[in-house]
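Numbers for residues simply follow the sequence, beginning at 1.
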Amino acid sequence: MAQDIFADIKEVQDLLNSRAEASGDLAGALAKARRRLPRRIYKQGMRLAEALPLLEHPKLRQIQDEESLRKAAREVKRHLKSIDIADRRKGRLLEMLAGMVFSLLVVFVLLVVVLRWRGFV
């Protein structure tokens, strides 16, 4: 039964690496992806990261609530699987292009204002 939890935690870590672009151990990957994750998902992931060392110990494993940990892992996996990587890339590209277009628009407006002020237009 505990092997299922270890497999779930490993799958969460793999999903963080592939979908949220955060590598390292589970706690480190969650820390890197913290701003991109909802608060509830981050807290559930941290519960898994904190329980991992306790699950590896044979006697401390018995005091862990495996059902709630399994539920937390399912919730985190569901969220990470719903992330669309292509949409995220397109969003980043559009944000960058929008910033450049806005900057060019501001420069053009300032150029027209200065030319009007100097009497050339």
Please name the pair of heavy atoms, one in [X] and one in [Y], separated by the smallest distance, quoted to 0.1 Å.
{"X": "M46", "Y": "L30", "value": "N-CD1, 3.5 Å"}
{"X": "L48", "Y": "A73", "value": "CD1-CA, 3.7 Å"}
{"X": "I85", "Y": "S18", "value": "CD1-O, 3.7 Å"}
{"X": "A22", "Y": "A33", "value": "CB-CB, 4.0 Å"}
{"X": "V121", "Y": "R116", "value": "O-NH1, 3.9 Å"}
{"X": "R47", "Y": "A72", "value": "NH1-CB, 4.0 Å"}

Is L93 reachable from M100 through a run of I, L, V, M, F, W or Y residues, each pair having side-chain heavy atoms under 4.5 Å apart?
-> yes
Nearest-0.5 Å distance that lies between atom [atom1] in [X] and atom [atom2] in [Y]:
{"X": "L52", "Y": "I5", "atom1": "CG", "atom2": "CD1", "value": "10.5 Å"}
{"X": "K59", "Y": "L54", "atom1": "NZ", "atom2": "CG", "value": "15.0 Å"}
{"X": "Q44", "Y": "R78", "atom1": "CD", "atom2": "CZ", "value": "10.5 Å"}
{"X": "D25", "Y": "L16", "atom1": "CG", "atom2": "CG", "value": "10.5 Å"}
{"X": "K32", "Y": "L37", "atom1": "NZ", "atom2": "CG", "value": "13.5 Å"}
{"X": "L60", "Y": "L55", "atom1": "CG", "atom2": "CG", "value": "9.5 Å"}

Given salt bridge (charged side-chain N to carboxylate O under 4.0 Å, His left out), test E21 with R89 step by step and report yes or no.
-> CA-CA 12 Å; E21 300 169 356; R89 279 192 205 118; 5.3 Å; no
If you measure only the distance, is there a donor-acceptor pair under 3.5 Å linking the side chains of S82 and R19?
-> no
Say whether Q64 and R61, considering side chains only, have a donor N or O and an acceptor N or O under 3.5 Å apart.
-> no
For R34, look at atom CZ and say whether over 12 heavy atoms of other residues, nucleotides or ligands are found less than 6.0 Å away.
-> no
Can you list the steps and then say if R118 with V114 is a side-chain contact (heavy atoms from CB on, under 4.5 Å)?
-> CA-CA 6 Å; R118 300 286 291 180; V114 167; 4.2 Å; yes
Donor-acceptor pair, Q13 side chain versus S23 backbone, under 3.5 Å?
-> no
Salt bridge (charged side-chain N to carboxylate O under 4.0 Å, His left out), paired with D8, selected from K77, K71, R74 = K77
Pair [X] + [Y]: basic N to acidic O under 4.0 Å:
{"X": "D14", "Y": "K10", "result": "yes"}
{"X": "E67", "Y": "R70", "result": "yes"}
{"X": "E11", "Y": "K81", "result": "yes"}

Taking C-beta and beyond as the side chain, do R88 and R36 meet within less than 4.5 Å on heavy atoms?
-> yes
